[in-house]
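Here the structure is laid out as C-alpha cells; the discussion comes afterwards.
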Amino acid sequence: MTTMHKSPNQPGSALTDPVRYPSGASAPVRTKRAFVLVLLTLFVPGSAQIVAGDRKLGRLALRVTLTVWALALVTIVIAVANRTLLLSIVTHPVGSLFIIVVLVALALGWAYLFLNTLRIIRPTLLAPGMRPIIAVVVAVSTILASGSLGYIAYVLNVSRNAIGSIFEAGPAIDPVDGRYNFLMMGGDAGDDRTGRRPDSLSVISVDAKTGESAIISVPRNLQNAQFSEGSPMRKIYPDGYNCGDECLINAVNTEVTNKYKELYPGVQDPGAQATLEAVSGTLGITVQAYVLVDMDGFAKLIDAMGGIRIKAGGWVPISGPVTDEANGIHGMPDGWIPAGDQHLDGFHALWYGRSREFVDDYARIARQQCVQQAMLKQLDPATLLTKFEDIANAGTKVVDSNISSNQLGSFVDLALKSKNQPVKRLTIGPPDFDASFSTVPDFDVIHSKVQEVLASSSNSPKASDAVVPSGGRGAAAGASAAGPVVAAGAVSPLAPASQVPSPSADFTPVTTTPDGTPITIELLNGLKAQGDEQGIRDLVATNGQCAPL
C-alpha cells in the first residue's frame with residue numbers, strides 16, 4: 001500500500017505547520033505563536049512575515065533590517081575612530097535632514113510591520129482572554145520601536161532648527177597657537193538700549209587636541225581696553241579705549257552699535273565683534289568667536305531645565321530701583337536669595353548671577369561662573385530627554401553666536417573631551433589681581449599671566465592640581481571659596497597657578513550674625529530701612545562664595 005504525502009499547500013498540512021497555518025493548532029500553541037511573531041518583529045523586523053506571512057514583504061523588510069544593522073555597526077566604528085566626523089554629519093543641516101527623513105521612513109515601515117504581524121496572528125483564533133493582551137503587547141512594542149525612532153527624528157529636527165537659528169553658515173575657524181578661544185558674553189537688551197550691554201565677559205580657551213580648558217574672566221569695568229591688531233576700532237582708539245571713566249570695556253558694544261557700525265561692513269553684530277577685538281587685545285590672545293547670551297532670556301532657559309541647584313555662601317538681594325544715582329544706592333530690595341543649599345528657578349538664578357548690590361563686581365563674577373557650572377553639571381541626559389524641546393526653544397531666544405554651524409560638530413566633540421577635565425581659571429581682578437587693577441591695568445602683566453594659565457592648562461593637569469580660582473568672593477569679604485581668609489590683593493598678579501588656592505564647596509554659608517542671631521529677610525530689610533548699608537554689606541560679604549550641587 002502506497003503512502004500518500006500531503007503537499008504543504010494542501011489544507012491538511014495546517015495540522016503539521018502551526019506557525020503558518022494556526023487553524024488546527026491548540027490554544028496554547030496559538031498564544032505562543034502570537035508572542036513569538038511579535039518578538040520577531042520587534043528584534044528582527046521582517047522575519048515574522050518570512051516564517052508566517054507575506055514572504056515578499058518579509059524579504060524586503062529583512063534587507064532593510066540588515067542594512068540598518070550594517071549602518072549601525074559603521075556608525076559605532078566611526079564614533080570610536082573619528083567621533084568628530086560623526087558629530088559633524090549629525091549637526092550638518094543637510095546631513096541631519098537626511099537622517100531625519102530616514103528615521104521617519106523606518107518608523108513608519110516598522111509600524112506597518114507590526115500591523116501586518118497582528119493580521120498574521122489572527123486574533124480571532126486566540127482564546128478570548130488572550131486577545132486584549134496580545135493587542136496591548138503589539139501596541140506597546142510598536143510604541144517602543146517606531147515611537148523611539150520617531151522621537152529621535154523629532155529631537156534631531158528640533159536641534160536642526162535651533163542650530164539654524166543660533167549659528168551662522170560662515171567659514172570655519174582654525175585654532176591659534178593650538179587653541180580655540182571663545183568669548184562668552186552675558187548682556188541685557190532692554191527697550192531703552194541699542195544692542196546688548198555685555199555685563200559678563202569670559203573667555204573659554206580650549207586646547208584643540210586635548211580639550212583641556214581655561215576660563216579667563218574680564219570685569220565689565222575694566223578701563224583702557226586694548227583693541228587687537230587689525231581692529232577697525234584701533235584707528236579710533238590707538239592708545240586703548242581711554243575716553244574717560246565712561247569708557248569701560250562693556251561700553252564698547254553700545255558705542256560701536258550707535259556710532260561705528262559702518263566700520264564693520266557685512267558683520268552681523270558689529271558691537272559684539274568690536275567687544276571680541278577689545279578682549280583679544282586686552283588679554284593678548286586671538287579670540288576667534290563669540291557666544292552672546294541675553295540675560296533676560298537666560299531665565300527662560302533655566303526654567304526649561306527645571307531650575308538649578310547651588311550652595312550659596314551668603315544672602316543675595318533682588319535689588320529694587322535705584323533711588324540715589326550719585327552713590328548707586330537702591331531702594332528696598334524686592335526680595336532676597338538666602339544662603340545655603342538652594343534650588344533656583346530662572347528668575348532667581350538670573351538675579352543670583354546679576355546682583356551686585358552691597359558687594360563688588362568680582363563677587364558677581366564668581367556667582368555667574370557658579371551658575372554656568374551648575375547648568376553644565378545638571379544638564380544630564382534625563383533632563384535633555386524629558387525637556388529637550390523647551391530647552392532648545394529657550395536657547396534660540398537666548399543665544400546668538402558667530403560660530404559656523406558647519407564646524408559645530410568638531411566643537412561638540414571638543415566639549416565632550418573637556419567635560420571631565422579640571423578647568424584652570426583666572427580673573428582680571430580679585431583674587432588674582434588687586435581690586436584697583438581694572439582701573440589702571442598693566443597689560444604686560446595681564447598678557448604674562450594669561451600665557452601662564454594657558455600653558456598650565458595644556459600640560460595635562462591632574463585632578464589634584466590646584467586650579468586658578470574664579471574670584472570666589474567679594475573684595476569686601478576677603479574670604480576664600482576654599483575656606484581660608486585671603487585678602488583681595490594678597491595673591492601676586494604673577495603668582496604661579498599652583499600657588500593660588502583652588503575653589504571648593506568646602507565653605508560654610510553665613511546664615512547668622514557674629515553674635516549668633518539668624519539672618520532673616522526681616523533683619524536685612526530692617527537694616528535697609530534704617531539706612532545701615534554697611535551693616536548689610538558685613539552680613540552679605542560672603543555671597544561671592546558658591547558651588548554647584
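Please read all numbers here as calculations on a predicted model, not as lab measurements. We use all heavy atoms of the structure for the numbers below, so side chains are in, but hydrogens, waters and symmetry mates are not.
- Counting only distance, with no hydrogens or angles, the side chain of S355 and the backbone of P317 share a donor-acceptor pair below 3.5 Å.
- Proximity of a side-chain donor or acceptor of R309 to a complementary backbone N or O of L344 within less than 3.5 Å is not detected.
- The CD atom of Q288 lies 5.0 Å from the CG atom of N181; values are rounded to the nearest 0.5 Å.
- F433 has its side chain out of reach of P441: every pair of non-hydrogen atoms, C-beta onward, lies at least 4.5 Å apart.
- At least one donor-acceptor pair under 3.5 Å links the side chain of T520 to the backbone N or O of L523.
- In this model, a donor atom of one side chain and an acceptor atom of the other lie less than 3.5 Å apart for D538 and Q534.
- Atoms CD1 and CD1, on I89 and I78 in that order, are 5.5 Å from each other to the nearest 0.5 Å.
- What you find for Q226 and D239 is that their closest heavy atoms are NE2-O, 3.6 Å.
- Separating the CG atom in L292 from the OG1 atom in T275 is a distance of 8.0 Å, to the nearest 0.5 Å.
- Within the 4.5 Å cutoff, no side-chain heavy atoms of I302 are placed close to those of L350.
- Using modelled atom types, no side-chain atom of S448 and backbone atom of D444 make a donor-acceptor pair closer than 3.5 Å.
- Screening K528, R537, R364 for a salt bridge (charged side-chain N to carboxylate O under 4.0 Å, His left out) with E357, the sole residue that qualifies is K528.
- For the pair K311 and F507, the distance from NZ or CZ to the six-membered ring centre is under 6.0 Å and the angle to the ring normal is within 45 degrees.
- When all heavy atoms are compared, the tightest approach of R179 to S205 is NE-OG, 2.6 Å.
- Checked by atom type and distance alone, the side chain of S228 never pairs as donor or acceptor with a backbone atom of S280 at under 3.5 Å.
- When side chains are defined from C-beta on, I216 counts as touching V450, because their heavy atoms get closer than 4.5 Å.
- Between F182 and Y180, the two ring planes are parallel [angle under 30°; tilted spans 30° to 60°].
- Proximity of a side-chain donor or acceptor of D334 to a complementary backbone N or O of I318 within less than 3.5 Å is not detected.
- Residues forming a salt bridge (Lys or Arg N to Asp or Glu O under 4.0 Å) with E229 (at least two apart in sequence, or on another chain): R234.
- Side-chain atoms of T517 never come within 3.5 Å of backbone atoms of T513 as a donor-acceptor pair (strictly under, hydrogens ignored).
- Scanning both residues, W351 and V316, for their nearest heavy atoms gives O-CG1, 4.2 Å.
- In this pair, W336 and W315 present their aromatic rings perpendicular. The plane angle is above 60°, beyond the 30 to 60° band.
- T91 is linked by a side chain to side chain donor-acceptor pair (under 3.5 Å) to nothing, counting only residues two or more places apart in sequence or in another chain.
- Looking at heavy atoms from C-beta onward, F437 lies out of side-chain contact with P430 at the 4.5 angstrom threshold.
- Using cut-offs of 30° and 60° for the angle between ring planes, the Y241 and F227 rings count as perpendicular.
- Residues H447 and E452 have side chains not in contact (no heavy-atom distance under 4.5 Å, counting atoms from C-beta outward).
- Side-chain N or O atoms of R160 include none that pairs as donor or acceptor with a backbone N or O of S96 at under 3.5 Å.
- The two residues Y362 and P219 come nearest to each other via the heavy atoms CE2-CB, 3.8 Å.
- In this structure, the side chain of D432 does not engage the main chain of L426 through any donor-acceptor pair within 3.5 Å.
- Side-chain N or O atoms of T542 include one that pairs as donor or acceptor with a backbone N or O of G313 at under 3.5 Å.
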Exercise. Go through V510 and L539 one step at a time and tell me if the side-chain contact (heavy atoms from CB on, under 4.5 Å) criterion holds.
Key: CA-CA 8 Å; V510 176; L539 294 180; over 6 Å; no

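- Among all heavy-atom pairs drawn from I446 and L283, the shortest one is CG2-CD2, 4.0 Å.
- Contact between A274 and M233 at its shortest, heavy atoms only, is CB-CG, 4.3 Å.
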Self-check item: Candidate pair D269 and Y290, rule side-chain contact (heavy atoms from CB on, under 4.5 Å), full reasoning
Solution: CA-CA 11 Å; D269 190 335; Y290 67 82; 3.4 Å; yes

Quiz item: Hey, mind stepping through L524 and I519 against side-chain contact (heavy atoms from CB on, under 4.5 Å) and telling me if it holds?
Solution: CA-CA 7 Å; L524 294 169; I519 298 175; 3.9 Å; yes

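- Atom CD1 of I249 sits about 4.5 Å away from atom OG1 of T282, to the nearest 0.5 Å.
- Inter-residue side-chain proximity for Q223 and N242 is flagged as unmet; no heavy-atom pair is nearer than 4.5 Å.
- Contact of the N82 side chain with the V77 side chain is not registered, since no non-hydrogen atoms from C-beta on lie closer than 4.5 Å.
- Contact annotation: the side chain of L549 approaches that of D341 to within less than 4.5 Å [non-hydrogen atoms, C-beta and beyond].
- Within 6.0 Å of CG on D177 lie no more than 12 heavy atoms contributed by other residues, nucleotides or ligands.
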Quiz item: Does the pair E277 and V252 meet the rule for a side-chain contact (heavy atoms from CB on, under 4.5 Å), with working shown?
Solution: CA-CA 10 Å; E277 293 163 358; V252 171; over 6 Å; no

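- Between Y151 and Y154, the ring-plane angle classifies as tilted under the 30° and 60° cut-offs.
- Between atom CD1 of residue I310 and atom CD of residue Q545 there is a gap of 12.0 Å, rounded to the nearest 0.5 Å.
- Separation of atoms OG1 (T439) and CG (N221) is listed at 6.5 Å; rounding is to 0.5 Å.
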